Asks: 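My questions all concern the structure below.
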Amino acid sequence: MIKITMPDGSKRDYACGTTGMEIAQSISKSLAKISLAIKIDGAVSDLSLSIDKDVSIEIITRKDAEALELIRHSAAHVMAQAVQSLFPNTQVTIGPSIENGFYYDFARKEPFSTADIEKIEREMRKIIERGNKFEREIWTRVDAITYFKDKGEIYKAELIEGLPEGEDVTVYKQGDWLDLCKGPHVPSTRHIGGGFKLLKVAGAYWRGDAKNAMLTRIYGTAWRDEKELKAYLFQLEEAEKRDHRKLGSEMDLYHFQSEAQGSVFWHPKGFVIYNQLEGYIRRRLNSSGYKEIKTPQLIDNKLWEASGHWGKYRENMFVVPDEIPNTDDDAPVVSDKAFDKLMALKPMNCPAHVQVFNQGIKSYRDLPLRLAEFGCCHRNEPHGALHGLMRVRQMTQDDAHIFCREDQITSESVAFCDLVKTVYSDLGFNDVKIVLALRPEMRAGSDEVWDKAEGGLRQALIEAGLEFTEAENEGAFYGPKIEYHIRDAIGRSWQCGTLQLDFVLPERLDASYIGADGAKHRPVMLHRAVLGTLERFIGVMIESYAGKLPLWLAPTQVVVATITSSADDYAREVHKALLDAGVRAELDIRNEKINYKVREHSLAKVPVLYVVGAREAEEQTVAIRRLGSKNQSVDPLDKAIAELTDAIKPPY
RNA sequence: GCUGCUGUAGCUCAGUGGUAGAGCGCGUCAUUGGUAAUGACGAGGUCGGGAGUUCAAUUCUCCCCAGCAGCACCA
């Protein structure tokens, strides 16, 4: 007999070898019906697994959080089965569950079409209807390799060959189809239910390596039932409406065009946001002990060679021959020698900031020296990576480099974490993911230095009272980093703020200061950006606010709209008074009905509307309508403007 | 960069082997109205670029460019 501890702490005796399903049945038949899996000592397992020792268990049903992953992973297996029964010349590879769904990667010469996707989904429903059990089997590694090789499944065989020798593998069988898999799964295909949908086909590299073959990946989403699926699909649609690329053109903020691929043409309205944000950050930095500088865009290669960028980062750099182009139509634009003397557009500001630091002799008393720049950088990003404002080729970082002593790293890092916290909260971002990226395989510096650097950043995060996760191998080659990630409307995560410790660049560019001991020392460099880039951050903000930006950032803060032309003169007075008060106001005295004007400015997301007609002109008032509200209030003009000028103040 | 899809008016899209259409927007005129679309008329397109097949290509084929989704990349 074995003792099974239930979630409520009670213990029951069962025969050795009892399965989870039997336990569920012993509790109640109705529980057994809705059970999907069992948690044994905290680990999710199949209901069919026999238990042969004392454990504590928890039955997992559709309602539980763990259910979704089981359903999704099982749906991936069913999709693979469906694909292989419809397209027998297809090899399977891997198919995990992911956030909101699942995918499976297939190796096939022909890509899948949209029509194929529909066919596959119909086939999946048939398999689910059949309700075959998911049966777990344990095979020897060698048997598994032989089996998959015989079937022509070279990818699966390769996967198993990568497993430790002598270790058995598990396979899951549903009907006559099987797949190598750790499990667990729901009891039968029927338990997947109908709350799933295949979404899209895409390419993905085998084992996530661009050097490998490109496989065909099919993505699906799966939920507990049709209702949850519907809700998710609706949410996707809603999210698309707040895509910054859509809102950017609807709101006339900026545009892109192919002649300047990946670089923003800011329109007047968009540039208001840009300038407001920059001004806000500048004020924050000024009061946090930073000194603002401006450094060159185009810099001789020699500096990039010295900094190491030419070696490690060249493929992302734009180079320019420093030669006068030939004006003769028949001759080449530049000579062969042009490539002997190249300049490059800066992809980052750090080497330039070290040049400023290196001017004159620095004393330990000068440290920490915090040099800030709204630095315009160019990076030749892979074209497939470009994405609206989020990933551009010309960007402006709210960059700064802090030159300090080793013993100042922690206090400077804490100060930075506090600054980020303040700024993000001012800007309305509370859901920020913080990652501490640790040493990568390829790195400069000794382990001792890395221990110190990682420890310093970790301590800073703890002292600043921040929650964070750690990511192995994700650091820069010159030092560990703290990354601040914010999600966009469709759930993609973008790195915005960052703090990076660098022991390497001061060495390479020979930065030094004179210590209290009168000897030369190397400063440590902290690379840091609060917003990351203005472009990306504005993109994230547009999506986060769905275009309805806070008053201080709104391109147009108020529109004065007339009801009849008899109020035109008064409207002009109101408009002028607003401009004089420093409000970004526009005047709408067009010959249109007030309904039309209200609708248009509401759709344009103008936060405040002042409506004036004969009555308001007579009484020197304005009828105020705030965006999103159906009501309006009538206030004396002076009072309205006083309240508005107060409301449009930036957070700092 | 890789795989796939897409590219028609300022925007959203329909359509066809015989050189094009809608709605919105824009312009003109009429209308002076009280909080999410007043009406009429009009202008506007080398159908992403190049080549090929054809009597004839926006439509079919190929190449290029750009955009989108995903992957890879992201100092």
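All chains are named by letter (A, B, ...) in the order of the sequence lines, taking the proteins before the strands, and each is independently numbered beginning at 1. This is a predicted model, so every value here is computed, not measured.
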Asks: Using a cut-off of less than 4.0 Å, is there contact between a side-chain N or O of A:Arg391 and OP1 or OP2 of B:A72?
Replies: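 For A:Arg391, the contact criterion (side-chain N or O under 4.0 Å from OP1 or OP2 of B:A72) is not met.
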Asks: Nearest whole Å is fine: how far is B:C2 C1' from A:His383 NE2?
Replies: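 Whole-Å distance recorded here is 14 Å.
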Asks: Take the protein atom CG of A:Asn595 and the nucleotide atom P of B:G33, then report the distance between them rounded to whole Å.
Replies: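 Nearest whole value for this atom pair: 13 Å.
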Asks: Check every strand shown and say whether A:Glu616 touches a base, only sugar-phosphate, or nothing at a heavy-atom separation below 4.0 Å.
Replies: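 Base contact.
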Asks: For B:G44 versus B:C24, give the span between their C1' atoms, rounded off to a whole number of Å.
Replies: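 Here B:G44 and B:C24 have their C1' atoms 14 Å from each other.
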Asks: Would you check, one step at a time, whether the test side-chain contact (heavy atoms from CB on, under 4.5 Å) holds for A:Ile402 with A:Leu369?
Replies: CA-CA 6 Å; A:Ile402 302 170; A:Leu369 182 63; over 6 Å; no
Asks: Please report, rounded to the nearest Å, how far the C1' atom of B:C73 is from the CZ atom of A:Arg207.
Replies: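 The distance from CZ of A:Arg207 to C1' of B:C73 comes to 20 Å, rounded to the nearest Å.
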Asks: To the nearest 0.5 Å, how far apart are CG in A:Leu505 and CZ in A:Phe403?
Replies: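 The CG atom of A:Leu505 sits 8.0 Å away from the CZ atom of A:Phe403.
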Asks: Find the distance between CD (A:Glu600) and CG (A:Leu609) and round it off to the nearest 0.5 Å.
Replies: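 If we round to the nearest 0.5 Å, A:Glu600:CD and A:Leu609:CG are 11.0 Å apart.
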Asks: What interatomic distance, in whole Å, is found between C1' of B:C13 and the corresponding atom of B:U8?
Replies: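 Nearest-Å result for B:U8 against B:C13 at atom C1': 9 Å.
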Asks: Between B:U61 and B:A37, how far apart are the two C1' atoms, rounded to whole Å?
Replies: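 Looking at atom C1' only, B:U61 and B:A37 are 46 Å apart.
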Asks: Choose from B:U35, B:C73, B:A69 the nucleotide whose nearest atom is closest to any side-chain atom of A:Lys200.
Replies: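 The nucleotide sitting nearest to the side chain is B:A69.
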Asks: Indicate yes or no for a side-chain donor-acceptor contact from A:Arg536 to the backbone of A:Met390 under 3.5 Å, with no hydrogens or angles considered.
Replies: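 Here the side-chain-to-backbone pair exists.
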Asks: Any base atoms under 4.0 Å from A:Ile594, or only sugar-phosphate, or nothing? Heavy atoms, all strands.
Replies: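 Sugar-phosphate, backbone atoms only, no base.
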Asks: Is the shortest distance from a Lys or Arg side-chain nitrogen in A:Arg242 or A:Glu238 to a carboxylate oxygen in the other one below 4.0 Å?
Replies: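 A:Glu238 and A:Arg242: not salt-bridged.
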Asks: Taking only the side-chain heavy atoms of A:Arg625 (C-beta and beyond), determine which of B:C71, B:U35, B:A69 contains the nearest atom.
Replies: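 So the nucleotide nearest the side chain must be B:U35.
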Asks: Using a strict 4.0 Å threshold on nitrogen-to-oxygen distance, state whether A:Arg370 and A:Glu412 make a salt bridge.
Replies: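 A salt bridge links A:Arg370 with A:Glu412.
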Asks: Which value, in whole Å, describes the distance between the C1' atoms of nucleotides B:U3 and B:A72?
Replies: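 Roughly 11 Å separates the two C1' atoms.
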Asks: Provide, to the nearest angstrom, the distance between the CG atom belonging to A:Asn316 and the P atom belonging to B:C74.
Replies: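 Rounded to whole Å, this separation is 9 Å.
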Asks: Please determine, for the side chain of A:Ala204, which listed nucleotide (B:C71, B:G1, B:A72) has the closest atom?
Replies: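 Given the options B:C71, B:G1, B:A72, the side chain of A:Ala204 is closest to B:C71.
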Asks: Atom CG in A:Leu501, atom OG in A:Ser413: separation rounded to 0.5 Å?
Replies: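 It comes to 5.5 Å.
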Asks: As an exercise, state the distance from SG of A:Cys417 to CG of A:Leu461, rounded to the nearest 0.5 Å.
Replies: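 Taking SG in A:Cys417 and CG in A:Leu461, the distance rounds to 4.5 Å.
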Asks: By the 4.0 Å heavy-atom rule, please label A:Pro111 as base, sugar-phosphate, or nothing.
Replies: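 A:Pro111: backbone/sugar contact only, no base atoms under 4.0 Å.
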Asks: Examine the base of B:G1 for any acceptor or donor lying under 3.5 Å from a partner atom in the side chain of A:Tyr205, and report the outcome as yes or no.
Replies: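 Counting by modelled atom types and ignoring angles, a donor-acceptor contact under 3.5 Å is found here.
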Asks: Closest to the A:Arg217 side chain: B:U38, B:A66, B:C71?
Replies: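 Of all the options, the side chain of A:Arg217 is nearest to B:C71.
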Asks: How does RNA chain B look in dot-bracket notation if pairs are Watson-Crick or G-U with both distances under 3.5 Å, crossing ones as [ ], other-strand ones as |?
Replies: (((((((..((((....[..)))).(((((.......))))).....(((((..]....))))))))))))....
Asks: What integer distance in Å separates A:Leu199:CG from B:C5:C1'?
Replies: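 Going from A:Leu199 (CG) to B:C5 (C1'), I get 15 Å.
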Asks: Without decimals, in angstroms, what is the distance between A:Arg590 CZ and B:G33 C1'?
Replies: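 Taking atom C1' of B:G33 as the reference, CZ of A:Arg590 is at 14 Å.
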Asks: Nearest whole Å is fine: how far is B:C68 P from A:Met390 CE?
Replies: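 It works out to 12 Å between those atoms.
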Asks: Report which part of the nucleic acid A:Glu592 touches: base, sugar-phosphate, or nothing (heavy-atom distance under 4.0 Å, all strands).
Replies: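 Answer is base: heavy atoms of A:Glu592 come under 4.0 Å of a base.
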Asks: Say you pick atom C1' in B:U46 and the same atom in B:A57; how far apart are they, in whole Å?
Replies: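 Looking at atom C1' only, B:U46 and B:A57 are 13 Å apart.
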Asks: Students often get this wrong, so: under 4.0 angstrom with heavy atoms, is A:Ala614 touching a base, only sugar-phosphate, or nothing?
Replies: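 Base, at least one base heavy atom under 4.0 Å.
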Asks: Quantified in whole Å, what is the P atom distance between nucleotide B:A14 and nucleotide B:U54?
Replies: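 Each nucleotide's P atom is 32 Å from the other's.
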Asks: Touch check for A:Tyr219, heavy atoms < 4.0 angstrom, all strands: base, sugar-phosphate only, or nothing?
Replies: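 Sugar-phosphate, backbone atoms only, no base.
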Asks: Nearest heavy atom decides the nucleotide; on that basis, is A:Gly308 or A:Leu603 closer to the 5' end of RNA chain B?
Replies: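 With A:Gly308 and A:Leu603 compared, the 5'-side residue is A:Leu603.
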Asks: Measure from the side-chain heavy atoms of A:Ser602 and tell me the nearest of B:A36, B:U38, B:G70.
Replies: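 Selected nucleotide: B:A36.
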Asks: Write down the distance separating the P atoms in B:G17 and B:A30, rounded off to the nearest Å.
Replies: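 Here B:G17 and B:A30 have their P atoms 46 Å from each other.
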Asks: Identify whether any heavy atom of A:Arg615 sits under 4.0 Å from a base atom; if not, whether one sits that close to sugar-phosphate; answer base, sugar-phosphate or nothing.
Replies: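 The residue A:Arg615 makes base contact.
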Asks: With no angle test and no hydrogens, is the base of B:U32 tied to the side chain of A:Ser565 by a donor-acceptor pair under 3.5 Å?
Replies: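 Checked by distance alone, the answer is yes.
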Asks: Please give the distance between the C1' atoms of B:A40 and B:U35 as a whole number of Å.
Replies: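 Pairwise C1' distance, B:A40 against B:U35, rounds to 26 Å.
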Asks: For A:Val201, report the nucleic acid contact type (base, sugar-phosphate, nothing); a contact means any heavy atom under 4.0 Å.
Replies: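 The answer is nothing, as A:Val201 stays clear of every strand by at least 4.0 Å.
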Asks: Which nucleotide sits closest to the side chain of A:Tyr596: B:A36, B:C26, B:U3?
Replies: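 Given the options B:A36, B:C26, B:U3, the side chain of A:Tyr596 is closest to B:C26.
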Asks: Rounding to a whole Å, what distance do you find between A:His387:NE2 and B:C71:C1'?
Replies: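 Distance check: A:His387 NE2 to B:C71 C1' gives 15 Å.
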Asks: Over all strands shown, is A:His309 touching base, sugar-phosphate only, or nothing at heavy-atom distances under 4.0 angstrom?
Replies: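 Contact class for A:His309: base.
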Asks: Out of curiosity, A:Gln397 CD to A:Leu534 CG, how far, rounded to the nearest 0.5 Å?
Replies: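 A:Gln397 atom CD to A:Leu534 atom CG measures 10.0 Å (nearest 0.5 Å).
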Asks: Checking all strands, does A:Lys211 fall into the base, sugar-phosphate, or nothing category for heavy-atom contacts under 4.0 angstrom?
Replies: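 No contact at all - A:Lys211 keeps every heavy atom at 4.0 Å or more from the nucleic acid.
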Asks: Judged by each residue's nearest nucleotide on RNA chain B, which is more toward the 5′ side, A:Thr114 or A:Val634?
Replies: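 Here A:Thr114 is the residue nearer the 5' end.
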Asks: With rounding to the nearest 0.5 Å, note down the distance linking CG in A:Asn349 to CG in A:Leu371.
Replies: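 If I round to the nearest 0.5 Å, the distance is 11.0 Å.
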Asks: Does B:G70 have its OP1 or OP2 closer than 4.0 Å to a side-chain nitrogen or oxygen of A:Arg492?
Replies: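 Checking B:G70 against A:Arg492, a side-chain N or O does come within under 4.0 Å of OP1 or OP2.
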Asks: Give a yes/no answer on whether the side chain of A:Gln261 brings an N or O atom under 4.0 Å of OP1 or OP2 in B:G67.
Replies: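 Indeed, a polar side-chain atom of A:Gln261 lies that close.
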Asks: Quick one: which of A:Arg487, A:Arg72, A:Arg492 gives a salt bridge (charged side-chain N to carboxylate O under 4.0 Å, His left out) with A:Glu99?
Replies: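 Between A:Glu99 and the candidates, salt bridge (charged side-chain N to carboxylate O under 4.0 Å, His left out) is satisfied uniquely by A:Arg487.
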